[in-house]
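Chain identifiers are assigned alphabetically (A, B, ...) following the order of the sequence lines, protein sequences preceding nucleic acid strands; residue numbering begins at 1 within each chain.
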Amino acid sequence: MEYNFKEIESNWQKYWATNKTFAAKDGGDKPKYYVLDMFPYPSGAGLHVGHPLGYIASDIVARYKRHKGFNVLHPMGYDSFGLPAEQYAIQTGQHPKITTEQNIARYREQLDKIGFSFDWDREVRTSNPEYYKWTQWIFIQIFNSWYNKNSNKAENISTLIAEFEANGNTKVNAVCDEDVQSFTAAQWNAFSEKEHSDILMAYRMAYLGVAYVNWCPQLGTVLANDEIKDGVSERGGYPVERKLMKQWSMRITAYAQRLLDGLDTLDWTESLKEAQRNWIGKSEGTSLRFKVIRHPELVSGSQEMLNQVQHDIEVFTTRPDTVFGVSFITLAPEHELVDLLTTPDNKAAVEAYVTQAKNRSERERQADINKITGVFTGSYVEHPFTGKQVPIWVGDYVLAGYGTGAVMAVPAHDSRDYSFAKHFGLPILEVVAGGDLEKESYDAKEGKLINSDFLNGLDVKDAMKKAIAEIEKQGLGKGKVNFRLRDAVFGRQRYWGEPIPVYYKNDIPYALNENELPLVLPEVDKYLPTEDGEPPLARAAASWKHEGKYDYEHSTMPGWAGSSWYFLRYMDAANGNEFASKKLSDYWQQVDLYIGGSEHATGHLLYVRFWTKFLKDLGYIAIDEPAKKLINQGMIQGLSAFVHRIHHSVNYSLPDGGRKVMPLPSVHVSKKHYDEFKLNGDYKTCSFYKEYQNIISHRIEELKIEEKTEQFNDENFSISKYNVDVNIVDNDVLDITKYVASKQFNDYKHFIYENEKYVCTREVEKMSKSKYNVVTPDDIAEKFGSDTLRLYEMFLGPLEQSKPWNTNGITGVHGFLKKLWKLFYGTGTFAISNDEPTKGELKTLHKTIKKITEDIERFSFNTSISNFMICVNELTDAKCNKRAILEPLLICLSPYAPHIAEELWKQLGHTESISTAAFPDFNEAFLIDDNVNYPVSFNGKVKFTLELAATLTTQEVEAIVRANEQTAKYLDGKEPKKVIVVHKKIVNMVV
RNA sequence: GCCCCGGUGGUGGAAUUGGUAGACACGCAGGACUUAAAAUCCUGUGUCUUCGCGGACGUACGGGUUCAAGUCCCGUCUGGGGUACCA
């Protein structure tokens with residue numbers, strides 16, 4: 001019987017689904033293991049061959065762990081809210097729910113074909129009200145929380161209110177807005193409800209606040225920093241501008257330090273942890289206040305202005321050691337003191353500058369990042385140590401949102417300050433020796449301090465300590481830590497997302513009660529903003545109001561809301577009373593292995609860690625990191641194929657004196673000819689010229705007859721390349737029949753071959769429809785079967801590495817499966833022997849068990865495929881069809897190629913799925929060799945090998961090698977200086 | 001600019017702890033079977049040199065440590081990814 005993969009695979013897929021073979025048990029004696037793939041967004045294009053790469057790897061681990069006696073949780077679901085479905089809805093008017101369902105159905109069909117061992121009973125969809133009910137519930141918990149710096153935890157807001165009622169806010173140590181006023185208990189108790197709400201808002205972990213946001217007009221929504229790439233939106237590539245807006249945000253910054261510290265406990269790749277560290281961006285330094293010098297013209301102003309001018313300018317610096325090098329202060333254009341400090345002479349210039357700077361979009365700002373702009377305010381501060389006057393400038397290289405929005409500029413030791421100073425001719429004061437300030441600033445944190453009063457002679461490190469001590473002693477500021485991480489904007493002005501469970505009564509936002517959840521996404525007539533710019537939810541029917549009268553919040557949650565806790569829902573997917581019961585989340589704990597793309601480094605993977613820590617703080621779960629181990633699978637790029645077509649026309653004279661240009665028949669040339677032409681440029685000297693001439697000469701002869709002319713000149717010759725569908729290219733060779741049959745290329749039927757084949761050129765590009773280089777898993781499964789697809793995707797190379805999809809080697813793995821099949825069906829019918837295996841056969845088997853186990857444990861799937869091949873090659877050579885060998889081998893193979901393994905397992909007489917079989921134990925005894933093949937080298941270069949008994953001691957080995965006749969040849973009569981014998985490894989003689 | 005990860009035959013890649021570089025697979029060449037093709041099987045295949053035995057070279061480049069380096073150290077080049085006025 002032939003290896004009929006189609007029948008085998010569809011049979012077993014049905015069997016697994018019917019018997020719920022891979023349903024996880026919520027408890028039991030077995031240890032648990034949780035393998036998770038990153039949540040897919042079901043896009044309209046379906047899966048291409050790159051998507052399943054990680055799923056195959058995680059499936060191998062899941063199946064392997066089952067064999068190893070673990071209770072495995074391996075679920076799958078869909079992150080089904082999102083922009084593409086909504087954009088499509090706007091264009092077509094079709095409800096995003098419908099598109100989403102269609103896309104999910106297509107995904108499911110494709111996933112099922114690959115034979116994954118998912119527990120589909122636990123499937124979740126973020127757009128499902130039973131799911132987003134709990135996303136909303138978590139939002140409410142976050143809304144009802146504040147961050148207590150004393151306990152270093154999020155706590156219920158009631159503990160904060162109790163504190164306010166007892167002591168006001170003077171003793172509270174909380175993460176909150178910068179500008180909270182202090183109040184006493186008496187004041188608090190006298191405040192109105194609105195005032196209470198406003199004050200609490202400054203402390204809530206989910207809060208409504210005014211902030212600069214990234215506004216994307218084309219998408220009609222705000223975006224988070226991680227949703228913007230190169231100044232344009234990640235989805236769609238539209239421009240983004242800065243806009244001051246009232247927005248729901250999450251106080252993720254409260255967790256900055258814990259998010260940073262937690263990384264050290266995680267088994268994630270270093271590059272991913274680095275990316276998060278950079279994104280969190282911790283920097284240690286000090287705050288420092290500069291006293292503003294009263295400018296006579298400003299002093300004569302109003303009393304109010306006078307009071308405000310007495311404000312100090314506070315800066316944040318990581319280089320307090322360079323304080324004597326300060327030669328000016330720069331404020332961000334948005335800095336609140338800019339107006340007040342600007343003298344009348346400078347008013348016009350400053351106002352113009354500030355307006356222009358504020359209106360610049362993110363993209364413009366990035367485009368002329370090297371353009372230095374700024375303006376002088378006319379005011380000065382006093383240097384805290386020297387008492388000298390230091391001018392105050394405004395410059396947009398200073399960011400309003402970071403630190404205090406003001407910097408002390410030390411041009412000698414900061415490259416940005418340096419450029420600014422050079423451009424505007426400001427002084428550059430050297431305070432750390434070692435640089436050449438004519439050329440550039442000296443930013444390195446090493447060297448001795450000079451020109452710095454009490455810091456002179458100190459190293460940078462010591463100077464920093466001393467400077468901070470002095471600043472603190474004089475009350476000018478204090479040591480401080482700053483993070484680059486910003487609070488996460490949580491509202492989106494879009495339709496297709498979770499409604500934020502909040503309503504407004506008398507302009508005060510209230511969270512819904514838990515028993516009012518879910519707040520179901522209402523129907524709307526159009527998926528666009530309203531005429532006055534309100535989000536689409538404002539289009540909902542007039543009855544969509546809380547208690548029939550109060551407006552609900554009109555913005556929806558961002559894409560990352562639903563994916564920030566989905567790993568918990570899988571633990572208890574059907575629970576209608578809780579997001580997940582404590583009992584089950586205690587049982588499943590955290591994800592043991594998480595596989596997904598590195599593009600989520602600073603988005604999803606940061607948010608999910610944030611929510612996990614939050615839920616832990618409130619005692620809902622026991623763990624504070626979502627995933628212990630994480631692997632980033634590499635991207636699979638497309639490998640485009642090109643054909644090369646000659647464009648050739650001749651320009652000739654007609655007998656009547658006129659001229660005419662006539663194109664010649666278009667001819668395809670194979671890769672070799674194209675390369676040759678590219679190299680020498682003159683087609684007439686190329687090797688294909690003769691053949692080409694044969695093709696076109698007919699046409700030229702015809703022209704001669706038609707037009708009665710012989711004068712051809714001004715030839716125009718070029719070769720261009722065209723994308724050709726990669727699915728009709730096999731090992732770079734074009735299937736001419738299919739190519740000619742394809743509509744697009746119908747007209748060009750002339751080919752110049754090489755070795756009777758048409759060879760395409762190839763290039764690595766992104767996989768996309770327009771480049772004709774998309775390969776779907778369906779195509780491969782159809783042609784070779786899913787087991788081949790699974791093996792081949794793994795065989796391609798290390799999981800983490802990015803690589804182009806190239807089917808050149810796929811026949812190799814397919815051949816391997818056929819060869820395996822032949823071990824059982826060597827004679828044409830199923831034949832298996834119950835004989836005792838030989839020593840050699842046992843060695844082959846146990847070598848394989850050992851390698852496969854090691855390979856899976858270190859996620860090196862490509863090498864395990866090679867090891868299987870070696871094993872089957874050896875067993876084929878030994879003509880081995882013994883049950884004692886083949887049965888354990890099938891179990892080893894079943895995580896990789898489950899369908900064929902199940903089928904042969906059944907043929908062997910088993911009635912239960914192979915997935916229930918225990919992984920074979922490896923026995924060292926079968927691997928011990930009697931002999932060792934010692935390579936003998938001279939000066940490190942191997943010259944010959946000697947097969948010696950393994951029991952020999954190093955001394956004995958040395959004696960034998962010395963006595964060997966070949967050794968004498970290489971020693972040439974000399975005594976070796978030294979002989980190194982590494983037991984069972986190598987012999988090296990130094991001559 | 002800064003940070004991270006790479007660079008090994010014609011190709012994908014292997015070499016897990018410093019111990020025979022190139023496993024396995026593709027491709028290519030030759031052969032067997034076949035009327036023929038497909039499929040299958042066998043042999044060879046890093047480069048240079050030699051009729052052959054053999055010899056020399058060889059893991060981006062230049063140095064170093066070591067009996068021994070793809071592997072460790074220093075410097076350079078180069079590809080990919082992340083990030084960017086974050087004070």
Side-chain angles (χ1 to χ4, degrees), chain A residues 2 229-230 269-279 281-283 285 315-319 322 330 332 365-366 369-370 372 395-399 401-410 413-417 419-420 443 482-486 598-599 601-602 632 634-635 731-733 755 762 792 795-798 800-804 806-813 815-816 818-819 822 851 854-855 857-858 860 862-871 873 876 933-945 976-982 984-991:
Chain A
E2 285 277 297
K229 292 265 133 71
D230 304 321
T269 58
E270 203 43 49
S271 62
L272 196 135
K273 292 202 264 189
E274 253 330 279
Q276 291 213 345
R277 283 190 195 108
N278 292 337
W279 192 262
K282 180 179 182 175
S283 55
V315 302
F316 172 72
T317 179
T318 54
R319 294 295 301 274
T322 62
T330 315
R365 228 169 47 82
Q366 293 212 351
I369 204 154
N370 294 318
I372 295 151
D396 69 354
Y397 78 96
V398 177
L399 301 177
Y402 184 76
T404 60
V407 303
M408 60 174 225
V410 184
H413 306 290
D414 181 288
S415 55
R416 295 151 305 185
D417 297 340
S419 321
F420 197 84
D443 295 13
N482 249 324
F483 292 96
R484 207 179 73 113
L485 184 72
R486 290 301 127 76
S598 56
E599 67 273 20
T602 51
N632 289 127
M635 236 202 308
N731 277 330
D732 303 346
V733 176
N755 302 327
R762 319 272 335 223
Y792 188 58
F795 188 61
L796 227 41
E800 303 91 329
Q801 225 166 304
S802 284
K803 53 232 154 191
N806 185 337
T807 48
N808 283 358
I810 201 163
T811 52
V813 284
F816 156 74
K818 285 204 245 180
K819 222 166 156 178
K822 263 195 167 170
K851 294 229 163 166
E854 286 168 358
D855 285 344
E857 300 281 354
R858 68 192 169 104
S860 171
N862 55 326
T863 50
S864 31
I865 313 288
S866 303
N867 285 318
F868 281 124
M869 287 173 170
I870 293 168
C871 176
N873 287 346
T876 302
N933 202 15
Y934 277 99
V936 181
S937 54
F938 295 82
N939 292 332
K941 284 178 184 160
V942 177
K943 294 297 176 186
F944 60 92
T945 59
K977 275 193 212 147
K978 198 173 172 186
V979 179
I980 291 113
V981 180
V982 182
K984 290 188 181 179
K985 280 262 163 72
I986 197 166
V987 179
N988 190 16
M989 293 201 165
V990 187
V991 190

Please work out if [X] contacts a base, only the sugar-phosphate, or nothing of the nucleic acid, heavy-atom cut-off 4.0 Å.
X      : value
A/V942 : sugar-phosphate
A/P798 : sugar-phosphate
A/V990 : sugar-phosphate
A/V398 : base
A/E854 : base
A/N988 : base
A/R277 : nothing

Below the 4.0 Å mark, does [N] have OP1 or OP2 next to a side-chain nitrogen or oxygen of [X]?
X      : N      : result
A/N873 : B/rA25 : yes
A/Y934 : B/rU20 : no
A/Q801 : B/rG13 : yes
A/S283 : B/rA87 : yes
A/K818 : B/rC41 : no
A/N278 : B/rC2  : no
A/K803 : B/rG12 : no
A/K941 : B/rA68 : no

Mind checking who [N] pairs with, Watson-Crick or G-U wobble, both distances under 3.5 Å?
N      : answer
B/rU59 : none
B/rA29 : B/rU43
B/rG1  : B/rU83

Atom-pair distance ([atom1] on [X]; [atom2] on [N]), nearest Å:
X      : N      : atom1 : atom2 : value
A/D396 : B/rC85 : CG    : C1'   : 9 Å
A/I986 : B/rU20 : CD1   : C1'   : 6 Å
A/R484 : B/rC85 : CZ    : P     : 8 Å
A/K978 : B/rA68 : NZ    : P     : 9 Å
A/N632 : B/rG6  : CG    : P     : 13 Å
A/F944 : B/rG55 : CZ    : P     : 12 Å
A/M869 : B/rG12 : CE    : P     : 17 Å
A/F938 : B/rA56 : CZ    : P     : 13 Å

Gap in Å between the two [atom1] atoms, one belonging to [N] and one to [M], rounded:
N      : M      : atom1 : result
B/rG12 : B/rU65 : C1'   : 34 Å
B/rA60 : B/rC5  : C1'   : 16 Å
B/rU71 : B/rU66 : P     : 16 Å
B/rG10 : B/rU45 : P     : 15 Å
B/rG70 : B/rA21 : C1'   : 7 Å
B/rG6  : B/rC61 : C1'   : 16 Å
B/rG9  : B/rU47 : C1'   : 9 Å
B/rA69 : B/rG19 : P     : 11 Å

| said: Below 30° counts as parallel, above 60° as perpendicular, anything between as tilted: where do the rings of A/F316 and A/Y402 land? | reply: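 Judged by the thresholds at 30° and 60°, the geometry between A/F316 and A/Y402 is perpendicular.
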[options]: which one has an atom nearest the side-chain heavy atoms of [X]?
X      : options                : result
A/T863 : B/rA25, B/rU20, B/rA15 : B/rA15
A/K943 : B/rC24, B/rA56, B/rA87 : B/rA56
A/S271 : B/rC4, B/rA87, B/rU20  : B/rC4
A/F795 : B/rU20, B/rA87, B/rG12 : B/rG12
A/Y397 : B/rA84, B/rC67, B/rC85 : B/rC85
A/E274 : B/rC3, B/rG27, B/rA87  : B/rC3
A/V982 : B/rG19, B/rA14, B/rA23 : B/rG19
A/S866 : B/rA87, B/rC26, B/rA23 : B/rA23

| message | On RNA chain B, compare the nucleotides closest to A/I865 and A/K822; which residue's is nearer the 5' end? | response |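 Here A/I865 is the residue nearer the 5' end.
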| said: Reading RNA chain B from 5' onward, which residue's closest nucleotide shows up sooner: A/F483 or A/D855? | reply: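 Whichever sits nearer the 5' end wins; that is A/D855.
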| field | Considering all heavy atoms, the nearest A/G403-A/N482 contact | value |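 Where A/G403 meets A/N482 most closely, the heavy atoms are CA-ND2, 3.6 Å.
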| field | Which atom of A/T863 lies closest to which atom of A/S860, heavy atoms considered | value |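 Heavy atoms only, the tightest pair is OG1-OG, 2.5 Å.
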| query | Mind telling me whether B/rG9 is syn or anti, cutoff 90° either side of 0? | reply | syn
| message | My understanding is that only residues two or more places apart in sequence, or in another chain, count here; which of them pass side-chain contact (heavy atoms from CB on, under 4.5 Å) with A/T807? | response | A/I780, A/W805, A/I810
